[in-house]
Amino acid sequence: MVTPSVSLQGVFAVPLGTARLTECQRLNRELEALFLAREDNEHRNPMPSHIPQAETFESRFNLFRWPEPCVQELRKFVLDSVVTTVLQATKLLPADLARLTLHNHTWFHISRQAGSFVAHNHPMASWSAVYCVRAGEPVPAEPESGVLRLLDPRYGAGAYRDAANSQLHPAFALTPLDLRLNEGQVIVFPSYLFHEVTPFYGRDTRITVATNCWFA
Amino acid sequence: MSAPAVHVVPIFATPFGVVTLPQAATLNSALGTLLSERAPPQWRAARGPGALMFRSREDLGEWPEEPVRRLMSEMLAGVSAVAASISELAEQDFAALRMDARAWFTLVRPDGCVPAKSYANSSWLAVYCVSAPEPSSARVDSGVLRLYESRLGTMFQDPAGSAARLPYRSGHCTWRPVPGEMAVFPAALTHEIALVRAAGILVLVSARVRFVGSGGAWMPPW
């Protein structure tokens with residue numbers, strides 16, 4: 001067999017931004033204390049878009065309007081991560097973005113034993129992000145506990161398999177991407193991407209902040 | 001504003017069949033006992049890895065036990081009926097097709113679930129319910145079969161579109177397993193069994209199926 005010179009590249013790629021807030025312990029403990037103190041009906045999302053679960057508390061979507069310094073500190077880090085991702089993934093220049101207003105819906109989740117969140121995406125938004133305040137304890141018997149799972153948007157592409165497409169390199173794989181978030185880590189992804197949180201089986205809590213962003 | 005005569009039809013529709021297996025239902029007690037006995041020790045011990053959900057090997061169709069053989073026969077007949085109902089093949093041509101099937105059973109305890117999955121090299125998936133916990137008043141989606149939305153053209157929404165009815169509404173679809181009943185849908189459709197949040201064990205038998213032509217056309221290994 002001859003070996004032609006083949007140039008292989010990924011097309012139809014999904015951008016995924018990741019960033020890490022260094023020295024995040026103090027901030028995360030302040031956020032955790034604040035969120036646990038406000039895990040009540042006053043702060044609960046009154047219009048959940050999915051079937052509510054007793055094991056997962058979802059706040060109202062106005063989190064980044066809270067004046068508390070810890071929330072504002074998180075707001076700056078998360079939205080800066082979104083903007084940086086947008087700049088890397090698009091042809092926009094910083095000056096272009098500066099002329100736009102970044103709108104967001106932002107909330108927190110507190111998950112306890114068996115808490116999960118069904119697969120969903122976020123219509124009417126362009127970018128979404130998830131920040132990890134508390135990862136929750138790992139459960140060796142349930143290795144998929146509390147995983148953030150991004151579903152492959154190429155629906156049906158894996159319906160035919162043979163030996164030549166069953167072991168694709170990770171960049172081309174036709175499988176979901178499981179992310180175990182670490183404390184202080186934020187991930188940014190297109191809002192069209194379906195994602196879910198698998199059941200969390202830790203004995204403590206898993207706390208995250210999620211935001212949907214749109215620019216106008 | 002005038003009221004134009006409008007004709008609306010679903011296109012790109014996904015078939016979803018529900019089949020009642022009357023004879024199989026009479027086997028449910030024996031099936032439940034047999035399948036529970038064949039579960040591994042960690043399932044029966046209810047602790048450690050695999051304590052919340054057990055999925056067997058895909059060899060259920062080769063079991064010699066009579067309840068299993070009768071169930072397999074009824075399940076495949078049900079799948080065939082669903083596939084035939086939407087096929088434009090002539091009756092005799094459809095009847096000439098051979099069915100390949102791989103089957104397994106799944107046991108799910110409270111707090112357990114079956115993660116999202118789809119199946120390659122298969123055309124249909126059948127999910128038969130042997131037994132199910134009572135519905136949970138606190139959790140309407142306890143133990144349901146959830147079929148994931150597969151259309152991504154839903155990122156833009158306006159108030160009228162958001163209120164669309166089935167089959168035009170965007171979002172997942174669910175089916176509550178009922179003993180004696182079987183759901184049949186395309187195997188490429190991503191689906192899950194949602195967290196069981198009621199007392200009792202959900203027992204399911206699943207089969208992935210494909211039809212093979214008599215001409216011996218090549219099919220990929222599965």
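Convention: sequence-line order gives letters A, B, ...; per-chain numbering from 1.
Between A:His120 and A:His195, the ring-plane angle classifies as tilted under the 30° and 60° cut-offs. Ring geometry for B:Phe185 against B:His191 counts as perpendicular: the plane angle is over 60°, on a 0 to 90° scale with 30° as the lower cut. Under the 30°/60° scheme for interplanar angles, the aromatic rings of B:Tyr119 and B:Trp104 are found to be tilted.
With a threshold of 4.5 angstrom between heavy atoms, A:Pro153 approaches chain B through its backbone and through its side chain. Proximity to chain B (any heavy atom under 4.5 Å) is restricted, for A:His122, to the backbone atoms N, CA, C and O. For chain A, the nearby parts of B:Ser150 are the backbone and the side chain; heavy atoms of each come within less than 4.5 Å. For A:Ala163, no part sits under 4.5 Å from any heavy atom of chain B, backbone or side chain.
Contact residues of residues 34-48 of chain B toward chain A are B:Gly48 (heavy-atom distance under 4.5 Å). Residue-level contacts of residues 133-142 of chain B with chain A, in order of numbering, are B:Arg139, B:Val140, B:Asp141; threshold 4.5 Å between heavy atoms.
For the residue pair B:Ser122 and B:Arg208, a side-chain donor N or O sits within less than 3.5 Å of a side-chain acceptor on the partner. Inspection of the A:Arg65 and A:Asn62 side chains reveals no N or O donor paired with an N or O acceptor under 3.5 Å. Judged purely by distance below 3.5 Å, without hydrogens or angles, the side chains of A:Tyr201 and A:Glu137 never pair a donor atom with an acceptor atom. In summary, the side chains of B:His172 and B:Glu149 do not present any donor paired with an acceptor at a separation below 3.5 Å, with no hydrogens or angles considered. Residues A:Ser191 and A:Asn212 bring no donor and acceptor atom of their side chains to less than 3.5 Å of each other.
Most heavy-atom pairs under 4.5 Å with chain B: of the set A:Glu55, A:Glu196, A:His50, this distinction falls to A:Glu55. Of the residues considered (A:Ile51, A:Asp162, A:Leu151), A:Ile51 shows the highest number of contacts with chain B, using heavy-atom pairs under 4.5 Å.
Salt-bridge formation is not detected for the pair A:Arg20/A:Glu183: no Lys NZ or Arg NE/NH1/NH2 atom is positioned less than 4.0 Å from an Asp or Glu carboxylate oxygen.
Not less than 6.0 angstrom separates the ring centroid of B:Tyr148 from the ring centroid of A:Tyr155.
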Which is it for B:Glu192 and B:Arg146 under the salt bridge (charged side-chain N to carboxylate O under 4.0 Å, His left out) test, yes or no, and what are the steps along the way?
-> CA-CA 5 Å; B:Glu192 67 176 358; B:Arg146 179 177 285 127; 2.7 Å; yes
